[in-house]
Amino acid sequence: MLRRRRQAALVASLLALLLLGGAAAASALTSQPIRYNHNVHVVAYKMDCRFCHSSAMKTASAGIPSVEKCMICHRVIAVDHPEIKKIAQYWKEKKPIPWNRVTELPDYTYFPHFRMVNAGIACLTCHPGMDKVDVAVQEQEFTMGFCLKCHKARGVSIECWSCHI
Amino acid sequence: MSERSRTVVIGLFDAVEEAGAAARALRTLPLPEADITTISSVALPDGAVVSDPRPIRFPWAVALFWFVGAVSGAGLTLYSYLVYPLVTAGKPIASVPPTMIVTYELAMLAALLATLVAGFLSIGLARYRARKVFDPRIHEGKIAVCAAVEPGEQALRAAAALKEAGGAEVRTEEGEL
Amino acid sequence: MSERHHLERQGEGGLYETLSRSNLVTTKGWYAAAGVLFALTAAAVGVFLYMMATGLGVTGLSRPVMWGTMIILFVFWIGLSHSGTLISAILRITQAGWRAPVLRGAEAMTVFALMVGGLFPLMHLGRNWRFYYMIPYPNERMLWPNFRSPLLWDMVAISTYLTGSILFLYFGMIPDLAAARDHATGWRKKLYTFLAAGFRGSHSEWRRYHVASTLFAVLIIPVAVSVHSIVSWDFAMAMVPGWHSTIFAPYFVAGAIYSGIAGVITVMAFLRRVFRLEHFLTVRHFDNLGKLLLTMTLIWGYFYFSEFLTTWYSRLPEDWELISSYGTHYLPLFLVMLTCNFLIPLPALCLSKVRRSIPAMFAVSLVVNVGMFAERALIVVPSLARRNDPSVWLGYFPTWVEISYIVGSVSMFALLYVLFSKLLPVMAISDIKEHLFRTTDRSIGAATVPSVAQEEEGEGE
Amino acid sequence: MKHKWAMVIDMDRCTGCGACVVACVAENNTPTAGEEEAGKGRLMQWLRVSRFWKKEGEDTRAIFVPTPCMHCEKAPCEIVCPVYATYHDEDDQVNAMVYNRCIGTRYCANNCPYSVRVFNWWNHQWEKPLDEQLNPDLSVRSRGVMEKCTYCIQRIRRGKETALKEGRKIRDGEVVPACAQTCPPGAILFGDLLDPDSAVSRMVKDPRLFKLMEHLGTEPKTAYLKKQKGPGR
Amino acid sequence: MLDRRDFLKLGGATAFAALFGGCDRIPKKIIPFVIPPENTALGESLWYASACRQCPAGCGIVVRVSEGRAKKIEGNPLHPVNRGKLCARGQAGLQALYHPERIGRPLKLSGPRGSGKFAETSWEEALSILLTGLKKLQAAAPASLLMLTEPMRGHRNLVAARFMRAFGSPHRIAWDPFGQDALLAANEAVFGIRDVPEYDIANARYLLSFSGDFLETGISPVHYGRAYGQMRQSRPTVRGKFVHFGPRLSMTAANADVFLPIAPGSEGAAALGIAHVMVREKLTPSAAAAASLWAAGLSRMTPEAVGKATGLLPSDIEAVAHEFAGNAPGIAMAGDGAAGCTNGTYNLAGAALLNALAGNVGRQGGISFPNRLAAFSRFGADAALLLPPPESGFASVRDSVEKMRKGTYRMALLSGSTNPAFSLPAPLKFGEALLSVPQVVSFASFLDETASLSDLVLPVPTFLEEWGDDIAPAGHAGDALSMLQPVVDPFRDTRQMPDILIAAARELGGAVAAALPWAGFRECLEKSYAGMGVNLEAARRDGGVFPGKTPAPRTAPKAQRPSLPVAAEAEFEGDPARYPLFLHVYPSIAHSDGRGANLSWLQELPDPVTTAVWRNWVEVNPKTAETLGLADGDGVVVASPFGSMEAFVVVHPATAPGVVALPLGQGHTRYGTNAANRGGNPFSLLPVKADRGSGAPARQSTRVSLAKAKLAGSLVRTVNVEGQWKYENIL
C-alpha cells in the first residue's frame with residue numbers, strides 16, 4: 001500500500017516539479033475547500049502558527065483549527081470576503097471544513113509536534129515557505145535523512161524507536 | 001589508425017616444423033626477436049617457434065588492486081559502522097570478524113576484476129578499432145608466422161624467406177603485429 | 001575411438017564442427033526441450049509472483065521452521081555451483097591432462113547454479129521489494145546495512161563468487177569465441193566478434209592469456225572456499241542446535257565439492273549423450289571423475305561422522321533432541337541421506353566397472369545429488385523444528401508452491417544450460433586442441449597410448 | 001534519560017489464566033490467525049503461556065511459563081539482522097524491532113532460542129468494524145515483516161512524555177506493559193533496573209530468580225522467580 | 001505498507017465515515033471539529049470508567065477511548081472486585097462491541113420459526129409488533145407472559161421486575177447455569193445461614209479446594225486470582241499452601257501445591273474424612289467441641305472408608321487434616337465440579353463443615369458472610385430487587401418448559417447471554433418447547449441459538465454502550481456499587497432493554513405505566529441515585545461507589561455447632577458396562593458456558609491446561625486411553641445415554657483414571673462464524689438431573705463411552721505434544 005503510495009507520490013512530485021510546475025501551483029489553489037492564505041495571517045497580521053495549530057504544543061499532532069476558532073476573528077474581520085463567507089456558511093451549517101491533507105508522513109512514523117515545538121524548533125524548519133505561500137504546500141520532503149541531520153546536529157536521540165513503531 | 005601500425009609480412013603454414021623453419025629464416029634476415037610472432041589456434045610453447053622477450057608485469061597490478069580492494073572493504077565496513085552506530089547483541093560497533101570477511105571478499109573481487117582488466121590491457125584485447133594482422137584460416141589449423149618489416153626491400157626478403165620455408169599465401173599488409 | 005584418431009580423420013575445422021555441434025544445428029528436440037524448460041521455469045516464476053503478491057503464508061513455513069525449501073535450495077545450488085569453478089581451477093593449476101573436455105561444462109555449471117541458487121535468498125524474503133536495504137550504498141536514510149550479520153557476508157561473498165565465476169568462464173572461453181568468430185556468419189559473427197574482443201592467438205597473446213588464466217584460477221579457489229564457508233556460517237553463527245558447529249565450514253565445503261562433482265558428472269553425461277561428444281568425453285574422464293567423487297564420498301563421510309559423533313556423544317540436551325529426531329520424525333530423510341550419500345556411492349565407486357560405465361556413473365551422480373538435497377534439508381529443517389524451546393516444536397512439509405520451486409530451479413538451471421549450449425561454445429575447444437597438440441599416440445606393444453610432449457608442465461607418466 | 005526496562009515473572013503467582021495473552025493482543029494490534037493458520041504454527045500472539053508437564057515421582061505437575069520477548073542484553077536476534085531492523089535500543093535498553101525496516105529474512109526468528117518472534121505470513125485483515133479497536137499508538141504490521149513483544153514501547157513512550165510534560169522522572173509502576181497491567185495474580189512485574197528503588201530492582205535480587213536458558217549467555221532481561229513448595233519460605 | 005490509524009490522531013472526531021474509505025488515497029481529508037469538546041486534546045485518549053459484563057463477576061473497568069472509539073479495556077484500580085486487574089474475557093469485551101456479526105437493526109422472522117432466517121425491519125415496526133402482542137396479552141391473559149433472562153442486577157432488574165409485576169405475570173425466570181444453589185443449601189444446612197460467603201484467600205495460610213476452579217471460572221476469577229497471588233507471595237514470611245481435591249487437573253488444580261485426584265462426586269466424603277481426623281484428634285478447639293458430630297455419623301468416615309470411596313490414600317487424608325488444622329487461618333472451598341453432582345449440597349456442606357471445625361468462620365483469612373442487605377440499605381424497599389440473585393433457577397426453567405409445552409404462555413420475552421437453548425441439557429428439549437410459544441421476542445446483540453428461535457429480535461447495545469448500574473454478586477465484592485456508562489456512542493442502532501420496557505409500559509398505560517414512571521432508563525438511574533444522595537457524576541468518574549467502611553458481617557448461627565451434612569452418594573446415569581467412563585464437564589476458561597465462543601480473541605486463547613484453540617476436546621487419562629486404544633489427537637465419539645458428540649482426545653496425565661473431562665463452551669450451531677461448527681456441544685450429553693439438596697443442575701451425573709472415529713481436521717494445540725514433557729530443556 002505504502003509502496004504504491006510512495007511511488008505515486010514520487011511520480012506525482014516528479015510530474016509537479018518537472019512538467020507541470022505552473023499547472024500544479026494553479027491546482028493547489030483550488031485544492032482546498034477554502035483558499036486560506038497563510039502569508040496574510042502569518043506575515044501581515046503577525047499571527048503565531050500555534051494560535052491556530054494549537055495542539056502542536058501539547059500533543060503529537062499540530063491540529064487543524066476548528067471552525068469556531070476561525071469564527072472568533074471572522075465574525076468581524078473581512079466578513080464580506082467570498083472565502084470568509086464560505087467559512088460562515090460552514091459555521092451556520094455546523095459542518096467541519098473538509099481540508100485536504102498537504103504535509104504527510106508515512107504511517108509508521110511517529111512525529112510528536114510538541115517535543116519539537118517545546119524544544120524550540122521553529123515551525124518553518126520543517127515547513128519552510130509556509131509563511132510565503134497562499135495555500136499550504138509541502139516544500140520540504142520528509143525523508144529520514146532530513147530528520148536525522150537535525151537529530152544528529154542537536155545530539156538528540158537517533159534510536160529507531162524514537163520515531164518508528 | 002594507431003601509430004603502432006606497421007608493415008607486416010604473413011605466411012600461413014600447415015605444420016609447426018615448417019613454421020619453426022620460417023621463423024628461423026626470418027631471424028637470420030636479421031629481424032629482431034620481438035618483431036617475429038606466430039598466430040595459432042593452439043598456444044605454442046615459448047621458444048618452439050618464436051619466443052617473446054617482453055616481461056609480463058600485469059600480475060603486479062592485480063596484486064596492487066588486491067590491496068585496493070582490501071582497503072575499500074575495510075573502509076566500507078568501518079564507515080558503515082560509524083555513520084549510524086547501532087548496537088547489536090552487545091557486539092562492538094566496529095566488529096573485527098565481519099570487517100575481516102568483507103575485506104577479504106572485496107580484495108578478491110578487486111583482484112579478479114583487475115585480472116580481467118589488466119589481462120585485457122596486457123593482451124591488447126577489446127581494442128575493436130585497432131587493425132591487427134590476422135588470418136581466419138588459423139582456425140582451420142594453419143599457423144601464421146608474421147613479422148614486422150620495413151616496407152620495401154626488407155619486406156620482400158621476408159616474404160621470400162617465408163615462401164622458402166613452405167608458407168602458403170604469403171602476403172604483406174599494413175596493421176598491428 | 002581415441003581423440004587422435006578423430007583429429008586425423010577430420011582435421012581442425014571438422015574438430016570445431018564436432019565440438020560445437022550444439023551451436024550449429026538447431027533441432028526440433030532443442031526447441032522442445034527449451035520450450036518445456038521455459039514453460040516450467042515461467043510457471044515457477046509465476047508461482048513466485050503469486051507468493052509475492054499474497055504473502056509467504058502460501059509456503060509450509062511456520063514458527064519455528066522459518067526457513068524451508070527455499071533455503072534448502074539455496075544451499076543446494078550454491079553447493080552444486082562449487083565444483084565447477086573449483087574443479088576447473090584446480091585442474092587448470094595442476095595441469096591434469098584429462099581436464100580439457102570437463103572444463104567448460106563445469107564452469108558453466110557453476111555460473112548457472114549460482115544464478116539459480118542466488119535467487120532463493122531474495123525470493124524467500126518477506127518483503128522482496130525491499131531487498132535493496134541490504135546493499136551498502138549511500139542513501140537518504142543515512143542507514144547502512146549491518147555488516148555483523150552473516151547474511152551480509154553471504155551477499156558479499158556470493159556476489160564476488162558469481163562475478164568471479166562469470167569472469168572465469170568468460171575468460172576461459174575467449175580463444176573458443178575467437179574460433180567461433182572465424183567459423184560463424186551473420187549475427188553470431190557479430191556476437192562472437194564482440195565477445196572474443198579481438199583475440200587472435202598471437203604468441204604474446206597466448207603467453208599473457210595463460211598467465212591471466214592461471215591468475216584467475218589461483219584467485220577463484222580461495223573465493224570458492226570462502227563462499228561455502230560463509231554459507232555454512234549463515235547457519236553456524238546462529239544459536240540453533242545442530243547448526244552451531246565449528247566443523248561446519250570445512251564440512252560444507254566438502255559437501256559442496258561432493259555434490260558439485262556429482263553435478264559435473266550428471267551434466268557431462270548429459271552433454272555427451274545429447275551433443276554426441278562420445279569421442280571427447282570418454283570413459284577415462286568418467287573414471288577420473290569417479291575417483292574424485294569417491295575421494296569426496298570418503299571425505300564427506302568422515303566429516304559427517306565426526307560432526308555427528310561429537311554432538312551425539314556429548315549429549316547436550318538441545319543437540320540431543322535434534323539427533324533423536326533423526327531417529328523418529330526425520331528417519332526417512334536421514335536414511336535417504338545416508339544411503340544416497342554414503343552407502344550406495346562408496347561401494348559402487350570402488351568398483352572400476354561402475355566408474356567406467358557411464359550410465360552407472362550417471363545414476364550414482366544423481367543418487368548423490370538426491371542425497372545431498374536430503375542432507376541440506378536435514379540441516380535446515382530438523383534443527384529449526386526441534387528448537388531450544390520444546391513447546392514450539394513443529395513439523396514442516398513443503399507446499400505445492402515450494403515444490404514448484406524445486407522443479408522450477410532444476411528447469412531454470414537446465415534452461416540456462418540449453419540456451420548456453422546454443423549460444424556459446426560448450427566445450428573448451430582450444431584446451432582440447434592444446435591437449436591433442438601436446439600428445440601423440442605411441443604404440444607400446446599392442447596398445448596405443450598417448451604420450452605427452454611436454455613433461456615439464458606437469459603431466460608425468 | 002536512560003532506562004533499563006526489565007520484567008520479572010513470578011511463577012509462584014502465575015496461574016496460567018491467559019489474561020496477559022489477550023491483553024497483549026488488544027494492546028498491540030495483533031491479528032487473530034484463525035484455526036487453520038494456528039494449526040500451522042502461525043499464531044500471531046506475542047506472548048504465549050507454555051504449559052509443560054513435569055513428572056514428580058508419581059505425580060504429574062503442570063508448569064505454566066509465560067514467555068514474552070526476553071529483551072536479551074546479548075540478543076542473538078539482533079546480530080543476524082542484515083538491515084538493523086532489530087537492534088538494541090540504547091535509550092531504553094530493550095531489544096527494538098523496527099517494522100518498516102524489516103525485509104523479512106526471518107533470520108532473527110531462527111536465532112531466537114525462545115522462539116518468541118512471530119512473522120506476518122499474510123496481510124492480516126480486520127473485518128470491519130473490528131479495525132476500530134486498533135491502537136493508534138503503533139502500526140499495524142504488513143505481511144512479510146517480523147514482529148514481537150516490545151515491552152509495550154508505546155506505553156513506555158507515553159509514560160516518558162507525560163513525565164517530560166510534568167518535568168519529573170518516571171515513577172516506578174507508572175509504566176507497565178498491558179500484560180503486567182492486567183495480570184490478576186500480579187505475577188508480572190515491570191520496571192526500570194536503573195532505578196535502584198524500583199520493585200524490579202528489588203526482585204532481581206531474590207534468590208528465587210532464574211532466567212530461561214541462561215547457559216546460552218543471552219542475558220535475558222525478562223527473568224523468572226521460581227515456584228516454591230509448601231508453606232512458609 | 002503499515003496501515004496505521006495515525007490519521008485519526010491528526011484528524012478530528014466527528015466525521016469518521018469520510019475517513020475510513022480514504023486511508024489509502026492521497027490527499028487524505030482532515031476533518032477538524034466544528035467546536036472542539038472541552039476536555040479533548042487531539043491525539044490524547046481519555047479513560048472512561050464502567051463495569052464489565054462479560055461474565056457475572058462484575059469487575060470494574062476503565063476503557064481507553066481515542067477519537068471516539070474504545071481502544072482498550074483495563075481493570076479499574078479503584079474497584080474492590082478486581083483492583084485494576086482483568087481476565088482474558090474482560091479484555092475481549094471490545095470484540096463484542098466491534099463484532100462484525102452484531103445485530104444492528106431489529107430483525108423480523110422471514111422464514112419458518114427456528115430457521116434462523118430474519119429480515120431487518122425498522123424500530124417503529126418492531127416496537128409496534130411488540131406492543132400489539134403485549135396489548136393483546138394485557139387484555140386477555142396477562143399471566144401468560146414469560147420473561148426468561150439471565151440473572152439481572154441493579155436497576156435493570158428493578159425495571160424488569162416492576163414491569164412484570166405490574167403487567168400481571170408471575171412468570172419471571174432467571175437462568176444461570178452456574179448458580180450457587182448448592183452452596184446456599186449447604187451453608188443453610190451447616191451454618192444455618194442461606195448466603196454466599198466471602199473467602200479471604202489473600203490472608204489465608206492454607207487453602208483446601210474441592211473441585212473449586214476459582215482461578216479460572218466460578219464466582220470471580222479475577223478477584224480470587226489476585227487474592228491467590230497475594231496468598232502466595234505478598235507476605236514476607238508466609239506462603240499459603242494450597243491443596244486441591246478433584247477428578248481433573250484443572251488450571252486451578254495445576255496451581256495447587258498438592259493435587260489429589262478423587263472419584264467424581266466424592267468431594268463431600270473427602271471433606272468428611274478430613275473432618276473425622278480433626279474431630280478424632282481434637283486438632284482445633286471447635287473440633288474438640290464437636291462430639292455431637294462424631295455421634296451423628298462422623299465416626300464412620302474413617303480415612304480408610306473415605307479412601308475407599310474417593311480413591312485417596314488414608315495417609316494423605318490424615319496429613320491434610322493435620323496441616324489444615326495446624327495452619328489457621330485456612331479456607332475450605334468447593335466449586336462447580338463438586339456442586340454439579342447429584343449430591344452437590346452434601347459435597348459443599350462437607351467443605352463448609354471443615355471451615356466450621358477449623359474455626360475459620362468470620363475471621364481474617366477465613367470465610368465470612370457480609371451483610372449485603374445492610375450495606376445496600378440506601379436502596380430501601382427495592383434493595384432485594386437490586387441485589388443479584390445467586391440461584392440458578394433450574395427448577396423454574398424446567399417448570400417453564402413444561403408450561404411451554406402445555407401452552408401456558410402466549411408470549412415470551414428473552415434476554416441475556418445465558419442462551420438456554422444451548423446451555424440446558426439437551427433432553428429437556430428447550431428449543432422445541434420454545435417453538436410452541438406463539439410469540440417470542442428476544443433482546444439480543446447476537447443471533448445465538450436462543451435468539452434464533454424467536455419471532456422478533458430487538459438489538460440491544462453491548463455493555464460498553466449502555467447506561468446502567470451493577471452490583472457484583474456475593475462472594476467477593478464487598479458492597480461495591482458499579483456504574484456503567486457508554487464509553488462510546490452506540491455503535492449500532494440499538495436500544496437498551498430497560499428503555500424498551502419503559503417505553504412499552506408508557507404505551508400500555510395503567511398500572512404498568514405507573515410502575516415505570518420514567519422517560520427512559522437513564523432517567524430512572526439518575527432519579528433513583530439522586531434520591532439516595534449519590535453524587536452520580538463522581539460515581540461515574542470513579543466507576544462506582546466504593547464505601548470504605550462495611551457493616552459488620554452477618555453471624556452464622558450454627559458456626560460454633562455445625563450440623564453434620566446428610567450423607568449422599570453421587571448418582572450417575574448410564575449402564576457402567578455400556579458407558580464405562582465418568583463424564584466430568586467444566587466451563588471453559590475462555591467461553592464459560594459458551595457465551596465467549598463468538599469472540600476470536602477468546603477462541604484463539606490457548607486453554608491453559610491443554611493449550612488447545614478453536615475447538616473442543618476430551619481429556620482422557622493415559623491409562624484409560626491405552627486400554628481404549630486411543631492416542632493423543634485421535635477423533636472420538638463421546639456417547640452418553642442422552643446423546644453423543646465428536647471430540648478430539650487429549651491425553652491428560654493428571655485426570656483421574658476412569659474419568660473423561662469435556663470443556664463446555666464450544667459446540668454452537670449458531671452464534672456467528674467464530675462460534676458455529678466447532679465440535680460438539682457437551683450439554684447434549686447431559687441428563688436432566690438436579691442436585692437433590694438444592695435443585696441445582698447436576699451436570700456431573702452421567703457416564704459416557706468413547707469410540708474411536710475418523711473426524712475431519714485436527715485439534716490445534718499451541719504446545720507440542722512431544723515437547724510438553726521437556727520442561728528441563730528451557731532451564
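Throughout, a chain's letter reflects where its sequence line sits, starting with A, and its residues are numbered from 1. Just so we're clear, the structure is a prediction, and the values are computed from it rather than from any experiment.
Side-chain contact between A/Cys160 and D/Arg101 is absent, with no heavy-atom pair separated by less than 4.5 Å. For the pair A/Glu159 and D/Glu90, the minimum side-chain heavy-atom distance is below 4.5 Å.
Listed here is the closest heavy atom pair of A/Ile165 and D/Asp137: CD1-O, 3.8 Å.
The structure places NE2 of A/His164 at 13.5 Å from CD1 of D/Ile153, a figure rounded to the nearest 0.5 Å. Here the straight-line distance linking atom CG of D/Asn100 with atom CG of A/Asp107 works out to 10.0 Å at 0.5 Å rounding.
Judged purely by distance below 3.5 Å, without hydrogens or angles, the side chains of D/Asp91 and A/Ser157 pair a donor atom with an acceptor atom.
For the options D/Met97, D/Glu161, D/Lys165, D/His88, heavy-atom pairs under 4.5 Å to chain A are most numerous at D/Glu161. For chain A, the option among D/Val98, D/Asp89, D/Thr150 with the highest count of heavy-atom pairs below 4.5 Å is D/Asp89.
Applying the salt bridge (Lys or Arg N to Asp or Glu O under 4.0 Å) test to pairs two or more places apart or on separate chains, those with a residue in residues 38-54 of chain A are A/Asp48-A/Arg50.
The local environment of NZ in D/Lys169 is sparse, with at most 12 non-hydrogen atoms from other residues, nucleotides or ligands closer than 6.0 Å. Under a cut-off of 6.0 angstrom, the local environment of NZ in A/Lys92 is sparse, with at most 12 non-hydrogen atoms contributed by other residues, nucleotides or ligands. The 12-atom threshold is not exceeded at CD of D/Glu36, counting heavy atoms of other residues, nucleotides or ligands nearer than 6.0 Å. Within 6.0 Å of NZ in A/Lys149 there are 12 or fewer heavy atoms belonging to other residues, nucleotides or ligands. Within a 6.0 Å radius of OH in A/Tyr45, no more than 12 heavy atoms belonging to other residues, nucleotides or ligands are found.
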Run the side chain to side chain contact (heavy atoms under 4.5 Å, CB included) check on A/Tyr110 and D/Gln154 step by step: do they pass? CA-CA 10 Å; A/Tyr110 172 73; D/Gln154 68 280 11; over 6 Å; no
Working note: A/Trp161 + D/Arg157, criterion side chain to side chain contact (heavy atoms under 4.5 Å, CB included); need CA distance, chi angles, decisive distance, verdict. CA-CA 9 Å; A/Trp161 260 359; D/Arg157 183 157 71 188; over 6 Å; no
